[in-house]
Amino acid sequence: MTSAHSTIEHFDCLVVGGGHAGAETVIALRQAGFEGGIGLLGDEPVPPYERPALSKDYLAGKQDFERLLLRPSEFWTKHGVTLRLGRRGEAVDPEARTVTCDDHTTIGYGVLVWAAGGRPRALTCPGNDLDGVRTLRNKADCDRLIAVLPRSHHLAVIGGGYIGLEAAAVLRELGKEVTIIETLDRVLARVAAEPVSRFFEAEHRSRGVDLRLGTGVTEILGREGAVSGVRLTDDTVIRADQVIVGIGIEPAIQPLLRAGAEVASGGTGVLVDDLCRTTLADVYCVGDCAVMRSGPGVRIESRQNASEQARTAGKAISGHPQPLRLVPWFWSHQYDLRLQTIGLSLGHDQTVLRSDPGGRGFSLFYLKNGAVIALDCINATRDYVQGRKLVEAGAHIDPALLSDVRTPLKEIAAATA
Amino acid sequence: MHFTVTTRDGVAHTVEGREGTSLMQNIRNAGIEELQAICGGSISCATCHVYIDALPGGAELPPASRDEGDLLDASDYFEDNSRLSCQLIFGPQLDRVRVTIAPED
């Protein structure tokens, strides 16, 4: 033992990342009876909170922050968890079993759980550093936007994914002029099929959103250092005093990559087994950074995935391994619309629409080789809960039956089981 | 004010109830970790399912919304007294309520 080693802070389990994945790992550890010292490193100055609300009720001013805390502040101390907030883990030494932080401190670990999430992808066009170009990933981002809203009337949202659409919905309801700019020819293109995209586009347009599809951004225009507009690829200029960039995240995987952990092909995420173990000894990875070997080969950026992987890692570390078989689900709220998705539609070769002409919602099944692999439900909670079993089972069902709204999905599922 | 939560091992716990905060949050804040409550109370999952065993005399619960009903209805463990604990806000009317955490779906 060197003297340097004995003076650094050390935790039996160090969790890097104070989001859902990190916080829930800690909770799972204690619940599974882990008795060692736990350190939770978070780069935000606040204890872990419900992130999905940021682009919904919190931005709308309908929910105060204290209610969003995953646990009350005193919970962590009470459970012997040392919170190290405002600090980011930047390098991992798997031999020395240490993590070096952005403030140059070093922390030792017995077991490491990497739950560092990601940072919003930034715009690269000219003007990207103007005052008013912002992202919406954490509380501070959201607070800064809320602070300028009273004097902001024209907001441009770059990216038609969940975050962009949810933020746009809130901003419209607050009476702002909103433009959404999406480079692809439809919104939600990465996660949903065309009928779902078209439905949300129509809803946003009917609410007064100026939606520009198949259009990129060439420049953010400014006046005295602050945003004044956005120049599009078709050379039109949109007026804007704020620009919200929602074009995905860059996962914080570099430290594990440099430490030698095996990554998914293309370097998109850190490969983990069904106990969330990386290829490095006693190093786990959970949440937005992880790609499960047994899964579809992509990172799954969702609250549920973070939670399930965290529980899996927490149990495994505590000596109660329980392999994870994840059936992902997602939700999004926009205006009075509730989108619920179960499964991943990746690689589907057929869609089946299930729509009640009298209702405002519908469901869309995704099939691959005849098997149900995913289901999108818009204002159709009943289909979502009843259809879950069909997705979990990868059931082969006659499309005519799936689309028949007179037959509850529960009956179909029962007949298949 | 307080209420009673029976966990899946059959043990009853007395929990301090904080007014204006949901039963789900009160249960979680008390250190009872059996509710996943993944959607954070936005009626998008059913991972905070409880049974209402006994209401204090004269108390009435607000009726479940259609979404809450649909979510509960699909649970393998649905009972007539099933509720999502995120939808019940604690206050004097729920003082001394007794609930049991439903099995995990």
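Naming: A, B, ... by sequence-line order, numbering from 1 per chain.
- Minimum heavy-atom separation, A/F75 to B/R28: CE1-O, 4.5 Å.
- Contact tally against chain B (heavy-atom pairs below 4.5 Å) for A/L70, A/L69, A/L68, A/D383: the top residue is A/L70.
- Distance OG/B/S44 to CZ/A/F330: 13.5 Å, rounded to 0.5 Å.
- With a 4.5 angstrom heavy-atom cutoff, B/A46 does not touch chain A via any of its atoms.
- Here CD of A/Q340 is found 6.0 Å from CG of B/L71. Values are rounded to the nearest 0.5 Å.
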Q: Using the salt bridge (charged side-chain N to carboxylate O under 4.0 Å, His left out) rule, take B/D67 and A/R382 through it: C-alpha gap first, then chi angles, then the decisive distance, then the call.
A: CA-CA 8 Å; B/D67 281 329; A/R382 185 167 293 254; over 6 Å; no
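- Both the backbone and the side chain of B/S42 come within less than 4.5 Å of a heavy atom in chain A.
- To the nearest 0.5 Å, the span separating CD1 on A/I342 from SG on B/C45 amounts to 11.0 Å.
- Within the 4.5 Å cutoff, the side chain of A/E50 has no heavy atoms near those of the B/C39 side chain.
- For a residue to count as touching a neighbouring chain, one of its non-hydrogen atoms must lie under 4.5 Å from one of that chain's; by this rule A/P52 does not touch chain B.
- Looking at A/H333, the atoms closer than 4.5 Å to chain B (heavy atoms on both sides) all sit in the side chain, from C-beta outward.
- Scanning all heavy atoms of the two residues, the minimum distance from B/I38 to A/W329 falls at CG2-CH2, 3.5 Å.
- Checking side-chain atoms of A/Q31 against main-chain N and O of B/E33 turns up a donor-acceptor pair under 3.5 Å.
- Open room surrounds CZ on B/R66; 12 or fewer heavy atoms of other groups in view lie less than 6.0 Å from it.
- Only the side chain of A/R311 comes within less than 4.5 Å of a heavy atom in chain B; its backbone stays farther off.
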Q.
Between B/Q36 and A/E308, does the side-chain contact (heavy atoms from CB on, under 4.5 Å) criterion hold? Intermediate values first, please.
A. CA-CA 9 Å; B/Q36 278 193 278; A/E308 300 281 354; 4.0 Å; yes
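- Remark: B/D73 CG to A/T381 OG1 distance equals 11.5 Å, nearest 0.5 Å.
- For chain B, no part of A/K56 is nearby; none of its heavy atoms comes within less than 4.5 Å.
- Remark: the backbone N or O of B/I43 is paired with a side-chain donor or acceptor of A/R338 at under 3.5 angstrom.
- For B/R18, the CZ atom sits in a loose shell: 12 or fewer heavy atoms of surrounding residues, nucleotides or ligands are nearer than 6.0 Å.
- For a residue to count as touching a neighbouring chain, one of its non-hydrogen atoms must lie under 4.5 Å from one of that chain's; by this rule A/E74 does not touch chain B.
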(Q) Checking A/E66 against B/T21 for the side-chain contact (heavy atoms from CB on, under 4.5 Å) test, could you report, in this order, the C-alpha distance in whole Å, the side-chain angles of both residues, the deciding distance, and whether it holds? (A) CA-CA 10 Å; A/E66 211 199 324; B/T21 301; over 6 Å; no
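- Looking at A/D57, neither its backbone nor its side chain comes within 4.5 Å of chain B, counting heavy atoms on both sides.
- A donor-acceptor contact shorter than 3.5 Å links the side chain of B/Q25 to the backbone of A/R67.
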